[in-house]
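Order of the sequence lines sets the chain letters (A, B, ...), proteins ahead of strands, with each chain counted from 1. These values consider heavy atoms only, across backbone and side chains, with no hydrogens, waters or symmetry-generated copies. Given the structure is predicted, the values throughout are model-derived calculations rather than measurements.
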Number of protein chains: 2
Amino acid sequence: MNDVLARVGDKWSVRVVMALAGGSRRFNELRRDIAGISQRMLTRTLRGLERDGLVSRAVTASVPPRVDYALTPLGNSLRDPVARLGNWAIANIGKIETARALFDAGSDHTKL
Amino acid sequence: MNDVLARVGDKWSVRVVMALAGGSRRFNELRRDIAGISQRMLTRTLRGLERDGLVSRAVTASVPPRVDYALTPLGNSLRDPVARLGNWAIANIGKIETARALFDAGSDHTKL
DNA sequence: CAGTATCCGTCTCGATACTG
DNA sequence: CAGTATCGAGACGGATACTG
């Protein structure tokens, strides 16, 4: 279970899954959608997700080449738990940052 | 938000939060409950969760020393999303391992 | 367009040993 | 009991260059 959670907890994996939530995307579309990801990391993340059966890869032999990525049913089943976690993070990021500031300022963490 | 997800999605953090879901636990109780965690990783994970205001740390000065960890209200609000993620991982670990085996056996991508 | 290959610094993890 | 200190292997991630 640990390695499964590691995949899910990876920041790039989460962003790729979220980017594919709306439907299939091509490589460079993903690259544009996911700000800050390098080509290398996008490739590696997609391979990892593909290996785990969460993402499908469809190659169209043409010039220029075309590769479409999409969530598999398994990948889709991950959307809900990931979205809930994401929503929690968005809702509570303020509290967490406050707690961090307090903790870092002094050992006084009796609040929160 | 990435750093929040990093903390929350971290495999050890998830397991610690799940272990504390039933109530407060002492250091070595957690160590026993969470199979495979090293002392160092448990300490680091607890510090991280404490810093983020998700876990409280109560020291009882005695011999031997006693330290109780528990979820804060904020930590408790995390229980549900984390449990969903954990349940997803437990429910789908079989499918993922099958997918991995297929992927690794099939096309030889040497490495990732 | 969609990758691979390579280099390289940084960070993480786990094992081990020691302590109040 | 509940940590801290230290160390080395390896994973991670960015930058860059090249290719079918």
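- Each of B:Arg40 and A:Arg40 has a nearest nucleotide on DNA chain D; the 5'-most of these lies closest to B:Arg40.
- Among the nucleotides D:dT4, D:dC1, C:dT4, the one closest to the side chain of B:Arg26 is D:dC1.
- OP1 or OP2 of D:dG3 has at least one side-chain nitrogen or oxygen of B:Tyr69 nearer than 4.0 Å.
- Between B:Leu46 and B:Leu30 the shortest side-chain heavy-atom distance falls below 4.5 Å.
- Look at CG on A:Leu42: it is 16 Å from C1' on D:dA15, rounded to the nearest Å.
- When the C1' atom of D:dA15 is taken as reference, atom CD1 of A:Ile37 falls 15 Å away, rounded to whole Å.
- Considering only side-chain atoms of A:Ser38, the nucleotide from D:dG14, D:dA2, D:dT4 that sits closest is D:dG14.
- Within the 3.5 Å criterion, the main-chain N or O of A:Arg31 finds no donor-acceptor partner in the side chain of A:Asn28.
- Listed nucleotides: D:dC1, C:dA2, C:dG14. Nearest to the side chain of B:Met41: C:dG14.
- Between C:dG3, D:dG3, D:dT6, one nucleotide has an atom nearer to the side chain of B:Arg47 than all others, and that is D:dG3.
- Here the side chain of B:Asp10 is nearest to one of D:dC12, C:dC13, C:dA2, namely C:dC13.
- In this structure, CZ of A:Arg31 is placed 11 Å from P of D:dA15, rounded to the nearest angstrom.
- Taking only side-chain atoms of B:Asn28, from C-beta outward, the nucleotide of D:dG3, C:dC1, D:dC1 with the closest atom is D:dC1.
- Between the P atom of D:dC1 and the CD atom of B:Gln39 lies a distance of 11 Å, rounded to the nearest Å.
- If you find the closest nucleotide of DNA chain C to A:Asp68 and to B:Lys11, the one lying nearer the 5' end belongs to A:Asp68.
- The distance from atom CZ of B:Arg44 to atom P of C:dT12 is 7 Å, rounded to the nearest whole Å.
- Ranking D:dG13, D:dA2, C:dA2 by closeness to the A:Trp12 side chain, first place goes to D:dG13.
- Between A:Leu30 atom CG and C:dA2 atom P there is a gap of 9 Å when expressed in whole angstrom units.
- In this structure, the side chains of A:Ile37 and A:Arg15 stay at 4.5 Å or more apart for every pair of heavy atoms.
- Look at CZ on A:Phe27: it is 18 Å from P on D:dG20, rounded to the nearest Å.
- A:Asp52 has a carboxylate O that lies under 4.0 Å from a charged side-chain N of A:Arg7, or vice versa, which qualifies the two as a salt bridge.
- Base pairing analysis places D:dG20 opposite C:dC1; the two distances defining the Watson-Crick or G-U wobble pair are each below 3.5 Å.
- Here the C1' atom of nucleotide D:dT4 and the CG atom of B:Leu46 are 14 Å apart, to the nearest Å.
- Counting only distance, with no hydrogens or angles, the side chain of A:Thr72 and the backbone of A:Gly53 share a donor-acceptor pair below 3.5 Å.
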